[in-house]
K.L.:
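After the C-alpha cells below, expect a handful of questions from me.
Just so you know, ligand 1 is whichever comes first in the structure, and atom 1 is the first atom listed for that ligand.
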Amino acid sequence: MNVLVTGACGYIGSHAVRCLLKAGHRPIALDNLSRGHHESLPAGVPFVKLDIRDTDALADALKQHSIECVMHFAAFAYVGESVEQPLVYYDNNTRGTLSLLQALDRVGVRRLVFSSTCATYGEPETMPIHEQTAQQPINPYGWSKLFSERMLFDYAASKPTFAFAALRYFNVAGCSADGAIGEDHHPETHLIPVILQTKLGLREKVTIFGEDYPTDDGTCVRDYIHVEDLVEAHVQVAAVLEPGAKLVYNLGIGRGYSVKQIVEVARSVIGEFRVDSGPRRPGDPPKLYADASKIERDVGWVAQRTDIRAMIESAWRWFEHHPRGYAARGA
Ligand code: UDP
C-alpha cells in the first residue's frame, strides 16, 4: 500500500516510516521540516517537503504518489506552548487537518489514520480511561486534536466510502531497537528524555513537578507506551480500515508509573543523576492511564514492549550516542 506519512521526520512519524517499510508497504514521507529531522528518514524513501496547509500542493502530492492511505502525524505537541500560543496550535494542528481532509476529498483518498491524544480527555475523574470517557480537554493542544477528531467524524458521516481511525496516545517513550532513530525535540520537556539529558550533563538536574498529588507517592502517574508498539498499531489498524469505518482507540499499556518510579527505574539503568523537587506544572492531571483493550479486541494489537526498564534502555541507546540529537550525525 502507498502510504503518505505526514510529519514523517518527527519522533513518531520517523518510526512509522520504518515500521511501514518492514511491513512491506511503500511509505512516502512528507514534512515541512519546521521541527522534523530529514536525517531520520531511511535512504530511498520518497520525501516531499511540504506544509499540509498548502492544500493544492498536498493534493498534487497525493495524486503523484498514488496514495491509498494517509498516516497523519504532522502537528505541534507541547501543552505549555499551546497555552501561550493557542492560535499557532489551531492553525497548525486543526487547520492543517482540515486542509489534509480537503486534499483527500479532492483526490479521493479514502483511508486516514490520525494521531490523536489522551489530552483530549482532559482530567477524567475515573481511571482507567476508556474510549467512551468524556472528552473535556484542559488546554488548546487537546482542543486542537479534539476539533480534528470532530472533523473526521463529520466528514466520514458525509462520505460513506471514507474510513478513519483516531488513535489516542498516552505517553510515548523509547526509541528504535537498533538505536538508529530516536527522539530529538527542541526544547525537550518530556520526563524520560529530560532524565537522560541530565545524565549526559546537558542539564543540571531533573525537577519533579509536584510531590503532593493524590497518588501513592505524591507524584503524577502516566501510561508509557513504546514508540515501536505505537507505530505497529497504526500499521495494523490501517490494514483493517474498511469503507465507512470510524474507529477510535486508546494506545497505552494499561498501567501507570509515577514520576518517582520512572526516576528509580532510570537510576537502575543509567546510574545516579541529580533530582530536585519543584512545584506542580500547570495543567498536569494527577493520574492518566488507558484501558487499551478495545484495539486488542477489534484489531488484535497488544503492546509487546511493556517493560518500563527496557523502554528506558532503548531510549538511552539513542541518547547516549546522540547527545546533540540528529545534529551529531556525521559530526
Ligand atoms: N515531569 C516532571 N519533570 C520533568 C518533566 C516531566 O516531573 O522535567 C512529569 C510531568 O509533570 C508528568 C510526567 O512527568 O507528570 C510526564 O510528563 P511528560 O512531559 O513526559 O509527558 P505528559 O504527561 O506531559 O504528556
K.L.:
In terms of hydrophobic clusters joined by side-chain contacts under 4.5 Å, are Phe114 and Leu4 together?
P.N.:
yes
K.L.:
Under the rule for salt bridge (Lys or Arg N to Asp or Glu O under 4.0 Å), what residues qualify as partners of Arg267, not counting sequence neighbours?
P.N.:
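Per chain and number, Arg267 pairs via salt bridge (Lys or Arg N to Asp or Glu O under 4.0 Å) with Glu264, Glu272.
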K.L.:
Check whether any side-chain heavy atom of Lys246 sits under 4.5 Å from a side-chain heavy atom of Phe164, and report yes or no.
P.N.:
yes
K.L.:
Do Phe147 and Val113 belong together in a cluster built from hydrophobic side chains that touch within less than 4.5 Å?
P.N.:
no
K.L.:
Mind jotting down which protein residues get a heavy-atom contact under 4.0 Å with ligand 1? Chain and number order, please.
P.N.:
Asn171, Thr189, His190, Leu191, Val194, Thr207, Ile208, Phe209, Cys220, Arg222, Tyr224, Val259, Arg281, Asp284
K.L.:
Can you see which heavy atom on Leu101 is nearest to which on Tyr155, and at what distance?
P.N.:
CD2-CD2, 3.9 Å
K.L.:
What heavy-atom pair brings Ala103 and Thr55 nearest, and what distance separates the two atoms?
P.N.:
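The pair with the smallest heavy-atom distance is N-CG2, 3.8 Å.
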